[in-house]
Amino acid sequence: FGLLRKMVVVSKAQNITSVADFIAARYGKSQLLAALVTLIALFGIMPYIALQLKAMVFSLNLFQPSDAPLNHQGVPLLITFILAVFAILFGTRKLDATEHNPGMMVAIAFESLVKLTAFLLVGVVISFGFFDGFDDIWQQANERDLIEFGQLRIESLLPELVVGMAAFLCMPRQFHVMVVECGGESILKKARWIFPIYLALFGIFVAPLALAGKILLGDSVAADTYVINLPLALDQPILAVIALLGTLSAATGMVIVAVVTISVMISNEWLVPIMLRTGQIRQKNFSQ
């Protein structure tokens, strides 16, 4: 918490707009370093955005007949266009280095509640509606030898743990929400205990749903689709639609924040310096 508080205080004092701006500020406001960080973030974020778009199309395909999937380019392009419109509405529409996006934060907060509610609802219905609680799921999984502690080693978890910790601090969208959009230290103090509770609520049904998916679906479907495939397999279409809404909500929220964040970095670290050096911004200001 001390590290986060210091990052927020320094960012507010220096009018930091992105993780590229933050890193450059630690090295004498190096414009070259900020541009380099932006370039790395731009290429690093492309596979991430593509993965989220693929996840949305794949989730929609779960509701399609197996002989007629949504594999053509029209649906992904339509989803991309809709997300682009939202990103433009929330993005860099004004030449203001200190501009914040309170509307985007409200939208992301609502999206977070939607996906949490959908996940908890699916978890409760599956765990207590079709099983007799966590103990029943654990017992059935144990009887089928689905629980293997011998394969769980700290060496295999440590790299993912380190990468997750680095992503929490270094990913442009994480930094933007956590530091740039932070209204002050008082908000950070609230998030200090709200965020762990949010994660704990998500973690309650992760293992039960994973084991329930192994019991009911086996290896016939991908494990990351259990949340939608379990209601479909149990003939609960309404619950499956709710799970789909949670999935789409999570993916769209992440894409919009990522795109807006990278647009701020490109605007402030690439376009604005070029326009200042060429005099285009000054000429526009004089003409107005």
Side-chain angles (χ1 to χ4, degrees), residues 4 7-53 76-77 79-109 111 166-184 187 251-288:
L4 296 180
M7 290 172 62
V8 170
V9 171
V10 171
S11 297
K12 298 307 175 185
Q14 298 290 329
N15 289 328
I16 299 298
T17 60
S18 64
V19 65
D21 194 15
F22 180 81
I23 296 175
R26 311 308 294 172
Y27 295 91
K29 288 286 185 178
S30 172
Q31 184 60 48
L32 179 61
L33 181 58
L36 179 60
V37 173
T38 301
L39 180 65
I40 295 173
L42 176 62
F43 280 97
I45 210 170
M46 288 181 181
Y48 172 81
I49 295 175
L51 185 63
Q52 299 302 321
L53 294 173
L77 285 176
I79 294 176
T80 304
F81 176 77
I82 295 174
L83 294 180
V85 171
F86 277 97
I88 291 172
L89 293 177
F90 288 122
T92 54
R93 293 174 298 161
K94 299 179 181 179
L95 188 58
D96 184 0
T98 61
E99 181 185 9
H100 296 285
N101 298 283
M104 183 178 70
M105 290 298 98
V106 173
I108 297 304
E111 167 266 322
F168 179 74
L169 290 174
C170 302
M171 283 187 66
R173 66 180 183 88
Q174 295 283 91
F175 184 90
H176 185 85
V177 175
M178 182 172 57
V179 177
V180 177
E181 295 289 351
C182 182
I187 296 179
T252 54
M254 288 187 286
V255 170
I256 289 174
V257 175
V259 172
V260 169
T261 302
I262 202 66
S263 70
V264 171
M265 294 171 65
I266 292 176
S267 175
N268 291 347
E269 312 304 340
W270 287 359
L271 299 182
V272 172
I274 292 176
M275 295 175 72
L276 284 173
R277 291 180 181 180
T278 58
Q280 295 184 24
I281 294 179
R282 189 177 298 109
Q283 293 174 3
K284 287 186 177 181
N285 288 339
F286 285 149
S287 65
Q288 290 177 357

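Remember, predicted model here, so these are calculated numbers, not experimental data.
Between M178 and L169 there is a side-chain heavy-atom pair separated by less than 4.5 Å. Between I256 and E111, every side-chain heavy-atom pair lies at or beyond the 4.5 Å cut-off. Side-chain contact between I108 and V257 is present, with heavy atoms from C-beta onward closer than 4.5 Å.
Residue pairs meeting the side chain to side chain donor-acceptor pair (under 3.5 Å) criterion with at least one member in residues 39-48, sequence neighbours excluded: Y48-R173.
A pairwise comparison of heavy atoms in A87 and V259 identifies CB-CG1, 3.8 Å as the closest pair. Heavy-atom minimum distance, M265 versus S18: CG-CB, 3.3 Å.
Rounding to the nearest 0.5 Å places OG of S267 at 8.5 Å from CE of M275. Rounded to the nearest 0.5 Å, atoms CD1 (I79) and CG (L53) are 7.0 Å apart. Rounding to the nearest 0.5 Å gives a distance of 11.0 Å between CG of L276 and CG of L271.
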For a quick test of your reading: what N or O donor-acceptor pairs under 3.5 Å do the side chains of residues 21-45 make, sequence neighbours left out?
unit_1, atom_1, unit_2, atom_2, d
D21, OD2, T17, N, 3.2
S30, OG, L33, N, 3.2
Q31, NE2, E269, O, 2.8
T38, OG1, A34, O, 2.8

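Between the side chain of S263 and the backbone N or O of V260 there is at least one donor-acceptor pair closer than 3.5 Å.
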